[in-house]
Amino acid sequence: INLLEGPALDRLPEIEKEGPFDLIFIDANKSGYLDYLHWAKKNLAPHGIIAIDNIYLFGSVFEEECPEKTPKKMWNVMNQVISEQFSDQEYSTFIIPTAEGLMLSFRVPGTFS
């Protein structure tokens with residue numbers, strides 16, 4: 001295990017040379033999830049899996065509009081992540097209905113470049 005401390009987007013380039021990765025687990029600051037997802041897609045192995053934790057965003061993603069107590073950027077980003085992954089034909093995506101939701105996206109064989 002190599003421990004890297006600091007903002008994730010600043011540190012991710014340091015591990016790219018160790019990829020591509022079979023599994024990328026995203027569980028960080030929720031406003032950055034779309035950036036993490038795009039990084040994951042570029043650094044995922046052809047048979048890889050992207051796991052995204054807390055996809056329900058405390059239940060707020062089920063609301064038509066952003067709830068008052070939820071930061072709007074965070075709510076928008078999480079909804080974009082869900083929309084992007086379910087419409088991306090390169091992945092087979094589903095959500096395990098845990099208390100906070102765990103999204104799993106499996107890269108579909110033969111669709112990667």
Side-chain angles (χ1 to χ4, degrees):
I1 295 174
N2 294 325
L3 178 62
L4 302 175
E5 295 185 55
L9 285 176
D10 295 344
R11 303 306 303 264
L12 287 174
E14 296 176 36
I15 65 169
E16 286 179 6
K17 64 186 176 292
E18 297 179 34
F21 301 97
D22 295 324
L23 172 69
I24 297 175
F25 183 76
I26 299 172
D27 186 17
N29 64 311
K30 309 309 177 230
S31 317
Y33 268 31
L34 197 57
D35 294 324
Y36 303 133
L37 176 62
H38 293 159
W39 183 91
K41 287 179 173 186
K42 289 184 214 168
N43 292 281
L44 191 67
H47 57 276
I49 300 167
I50 299 172
I52 303 175
D53 201 20
N54 306 116
I55 202 70
Y56 291 162
L57 193 59
F58 317 108
S60 70
V61 296
F62 300 114
E63 302 295 330
E64 296 268 337
E65 294 183 17
C66 183
E68 190 175 307
K69 293 183 180 181
T70 303
K72 186 136 180 108
K73 180 180 180 186
M74 190 183 304
W75 185 82
N76 285 331
V77 164
M78 201 62 77
N79 279 289
Q80 284 179 281
V81 166
I82 293 168
S83 178
E84 182 174 313
Q85 278 311 96
F86 276 100
S87 64
D88 190 334
Q89 298 299 306
E90 188 175 340
Y91 293 87
S92 177
T93 298
F94 63 93
I95 296 176
I96 298 174
T98 62
E100 282 303 318
L102 177 65
M103 178 185 278
L104 295 176
S105 291
F106 296 83
R107 184 169 266 169
V108 177
T111 61
F112 49 90
S113 43

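All of these numbers come straight from a predicted model, not from anything done at the bench. Nothing fancy with the numbering, it's 1 onward along the sequence.
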Worksheet entry | Pair listing, side chain to side chain donor-acceptor pair (under 3.5 Å) test, anchored in residues 58-79, at least two apart | none
Discussion item. For Thr93 versus Ser105, what's the shortest heavy-atom pair and its separation?
Written reply: OG1-OG, 2.8 Å
Fill in: NZ-CG distance between Lys30 and Leu57, expressed to the nearest 0.5 angstrom
8.0 Å
Discussion item. So, taking the atom named CG in Asp53 and the one named OG1 in Thr98, what distance separates them when rounded to the nearest 0.5 Å?
Written reply: 6.5 Å
Item to complete: Applying side chain to side chain contact (heavy atoms under 4.5 Å, CB included), name anything that partners Ile95, two or more places apart in sequence or on another chain.
Response: Ile55, Tyr56, Phe86, Met103
Worksheet item: Residues two or more places apart in sequence or in another chain: which of them pass side chain to side chain contact (heavy atoms under 4.5 Å, CB included) with Leu4?
Response: Arg11, Glu14, Ile15
Worksheet item: Hydrophobic clusters join Ile, Leu, Val, Met, Phe, Trp and Tyr when side-chain heavy atoms are under 4.5 Å apart, directly or via other members; which others share one with Leu104?
Response: Leu23, Phe25, Ile49, Phe94, Ile96, Leu102, Phe106
Worksheet item: Any idea which heavy atoms bring His47 and Asp22 closest together, and the distance?
Response: NE2-OD1, 2.6 Å
Response to the item:
Rounded to the nearest 0.5 Å, the CG atom of Asn43 sits from the CD atom of Glu18 at a distance of 11.0 Å
Fill in: Between OG on residue Ser92 and CZ on residue Arg107, distance to nearest 0.5 Å
13.0 Å
Worksheet, complete the sentence: Sequence neighbours excluded, the answer for side chain to side chain contact (heavy atoms under 4.5 Å, CB included) partners of Leu34 is Leu37, His38, Val77, Gln80, Val81, Glu84
Practice prompt. Check Ser83 against Ser87 and note the closest heavy-atom contact, atom names and distance.
Written response: O-OG, 2.9 Å
Worksheet item: Taking only residues two or more places apart in sequence, or in another chain, which ones meet Asp88 in a side chain to side chain contact (heavy atoms under 4.5 Å, CB included)?
Response: Lys41, Gln85, Glu90, Tyr91
Fill in: Asn54 side, atom CG; Ile26 side, atom CD1 - distance, nearest 0.5 Å
11.5 Å
Fill in: Contact check, side chains of Tyr33 and Tyr36, non-hydrogen atoms, under 4.5 Å
yes
Worksheet item: To the nearest 0.5 Å, what is the distance between CE (Met78) and CD1 (Ile52)?
Response: 8.0 Å
